[in-house]
Protein chains: 2
Amino acid sequence: MAGLQNTLNQPQLYRDEHLFIDFHQQAAVLDSQRMTLTRKEYDLLALLVRHAGEIVPREALLMRVWGYGSEIRTRTLDVHIRRLRKKLGVYADQYIETIFGIGYRFQPFHAPRFAQSTPEGRPLAVSA
Amino acid sequence: MAGLQNTLNQPQLYRDEHLFIDFHQQAAVLDSQRMTLTRKEYDLLALLVRHAGEIVPREALLMRVWGYGSEIRTRTLDVHIRRLRKKLGVYADQYIETIFGIGYRFQPFHAPRFAQSTPEGRPLAVSA
DNA sequence: CCCCTTTTTACAAAGCTTTTACAACTTCGC
DNA sequence: GCGAAGTTGTAAAAGCTTTGTAAAAAGGGG
């Protein structure tokens, strides 16, 4: 698999064509430019990237990044997603997908996308 | 034989010549292309496919997918069936049969079809 | 205080579901 | 066969929920 692994068997690194993340140093680099992320922005990005290719439900994000239980109603996740996307620049929509009604998914840069065969319908399948 | 079975003895997978469904991941693939289904569309398709070859009465579908009792009058089932058929493309009519006055039946791709002037196949129990 | 980060608020936009209205079809009695 | 009554197909609109966005408010560390 991808990055070197530590004793907890968690990758220490993520790397694709444009994005590089060092989970140990908690640093992200986009096209050779260091991203300046706030703590929450980094935590959110890191969590998504560690689960690259998988849908991460809103609930899970709110729990693991904010410690919020499902009873808390907040829009702060949306706002942080937006700021992350802004900092991801032109790749934003390719990297961070919205799974309507469920959560978000980080996709490695060249991950195969399942194209849309039907004229209507939106870019994502259901999953939980 | 069908897919692997979990501890509840429900198949986890469905597969035929064109359609593949992973009930655990709640994802459907048609001719190697992931179908983009909304939640209700997936629930409806999954219920029909789990009972492949059997007639599933409208009442049962409305109860199990929508939680509607028999007193509720709605056309939303018809509309969802239509959208499913659209997304099933050219196989639509082969996969989803209308059993007039009773309900619908999902047929595996190469299943032999019998005349349906006298609908056979045991209906699914309506009770929850 | 000041600056930076985080959260909330309010509204806009997008997505999904349901209803509505009418066309097409099936069944059944005549 | 024919017509009536009921059922299903279909397209479009309405309704509701979720997400995007900008701006203001709230927190927190120096």
Side-chain angles (χ1 to χ4, degrees), chain A residues 26 35-45 47-48 55-59 61-89 92-93 95-105 116 118-128, chain B residues 26 35-45 47-48 55-59 61-89 92-93 95-105 115-119 123:
Chain A
Q26 307 199 340
M35 295 178 74
T36 58
L37 300 173
T38 67
R39 163 119 324 260
K40 279 266 174 0
E41 285 166 358
Y42 171 81
D43 289 347
L44 178 55
L45 178 61
L47 182 49
L48 287 170
I55 296 173
V56 185
R58 286 183 73 93
E59 277 205 2
L61 294 166
L62 284 169
M63 173 55 84
R64 297 195 46 189
V65 175
W66 281 268
Y68 289 176
S70 51
E71 73 285 0
I72 297 184
R73 205 149 318 274
T74 179
R75 299 300 311 283
T76 197
L77 169 57
D78 305 77
V79 175
H80 280 268
I81 286 286
R82 166 167 160 68
R83 282 202 283 260
L84 265 186
R85 282 178 166 152
K86 221 165 192 173
K87 294 188 177 178
L88 285 171
D93 293 328
Y95 274 132
I96 299 184
E97 284 180 88
T98 301
I99 313 301
F100 190 92
I102 302 181
Y104 294 93
R105 172 164 57 187
Q116 193 58 38
T118 51
E120 69 194 41
R122 311 292 158 259
L124 242 296
V126 180
S127 184
Chain B
Q26 305 189 214
M35 295 179 73
T36 60
L37 300 173
T38 67
R39 160 81 31 205
K40 280 262 167 14
E41 286 167 357
Y42 172 81
D43 288 348
L44 178 55
L45 178 61
L47 182 50
L48 287 170
I55 296 175
V56 185
R58 287 181 72 93
E59 278 206 0
L61 294 167
L62 284 169
M63 172 55 82
R64 297 194 44 187
V65 175
W66 280 268
Y68 288 176
S70 50
E71 73 285 1
I72 297 183
R73 202 148 328 263
T74 179
R75 300 299 312 283
T76 198
L77 168 57
D78 305 78
V79 175
H80 276 87
I81 286 287
R82 165 165 161 70
R83 281 201 284 257
L84 264 187
R85 283 179 166 150
K86 220 165 191 173
K87 294 188 179 181
L88 285 172
D93 294 328
Y95 274 132
I96 299 182
E97 281 181 89
T98 301
I99 313 299
F100 189 90
I102 304 183
Y104 294 93
R105 174 165 55 185
Q116 66 179 69
S117 51
T118 305

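Each chain gets a letter, A, B and so on, in the order its sequence line appears, and its residues count up from 1. On a predicted model such as this, the values are computed, not experimentally measured, just so you know.
In this structure, B:Leu62 places its CG atom 15 Å from P of C:dT17, rounding to the nearest Å. Across the protein-nucleic acid pair, B:Glu97 atom CD and D:dG9 atom P stand 12 Å apart, rounded to whole Å. Rounded to an integer number of Å, the gap from CD1 of A:Ile102 to C1' of C:dC16 is 12 Å. B:Asp93 places its CG atom 13 Å from the P atom of C:dC25, with the value rounded to the nearest Å. Rounded to a whole Å, the CG atom of B:Asp78 is 14 Å from the C1' atom of C:dA23. B:Leu84 places its CG atom 16 Å from the P atom of D:dT8, with the value rounded to the nearest Å. A:Lys87 has its NZ atom 16 Å from the P atom of D:dT21, to the nearest Å. Computed from coordinates, the A:Glu59 CD to D:dT19 P distance equals 12 Å when rounded to whole Å.
In this structure, B:Leu84 CG and B:Ile96 CD1 are separated by 5.0 Å, a value rounded to the nearest 0.5 Å. Note that the CG atom of B:Leu44 and the NE2 atom of B:His80 stand 7.5 Å from one another [nearest 0.5 Å].
Computed from C1' positions of five pairs at each end, the angle between the two local axes of the helix from C:dC1-D:dG30 to C:dC30-D:dG1 equals 30°, rounded to 10 degrees.
Residues passing the salt bridge (charged side-chain N to carboxylate O under 4.0 Å, His left out) test with A:Arg83 are A:Glu41, sequence neighbours excluded. Scanning for side-chain contact (heavy atoms from CB on, under 4.5 Å) contacts around A:Glu59 gives A:Ser70, with sequence neighbours left out.
Here the side chains of B:Leu37 and B:Leu45 are in contact, with some heavy-atom distance below 4.5 Å. The shortest side-chain heavy-atom distance between A:Trp66 and A:Lys40 falls under the 4.5 Å cut-off. A 4.5 Å side-chain heavy-atom check between B:Ile55 and B:Glu97 finds every atom pair outside the cut-off. A:Tyr104 has its side chain within reach of A:Leu77: a pair of non-hydrogen atoms, C-beta onward, lies under 4.5 Å apart.
In this structure a side-chain-to-backbone donor-acceptor pair under 3.5 Å is present from A:Lys87 to A:Thr36.
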Quiz item: Under the side-chain contact (heavy atoms from CB on, under 4.5 Å) criterion, do B:Leu61 and B:Leu48 qualify, and how do the steps go?
Solution: CA-CA 8 Å; B:Leu61 294 167; B:Leu48 287 170; 4.0 Å; yes
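Between A:Lys86 and B:Tyr104, it is B:Tyr104 whose nearest contact on DNA chain D lies nearer the 5' terminus.
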Practice problem: Sugar-phosphate atoms are those with a prime plus P, OP1 and OP2; base atoms are the rest. Using that split, label each nucleotide of nucleotides 5-10 of chain C B, S or - for protein heavy atoms under 4.0 Å, 5' to 3'. | Solution: SBBBBB
Quiz item: Which letters describe nucleotides 25-30 of chain D, given B = protein heavy atom under 4.0 Å from base, S = only from sugar-phosphate, - = neither?
Solution: ------
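Residue pairs satisfying the salt bridge (charged side-chain N to carboxylate O under 4.0 Å, His left out) criterion with at least one member in residues 69-79 of chain B, sequence neighbours excluded, are listed as follows: B:Arg58-B:Asp78, B:Arg75-B:Asp78.
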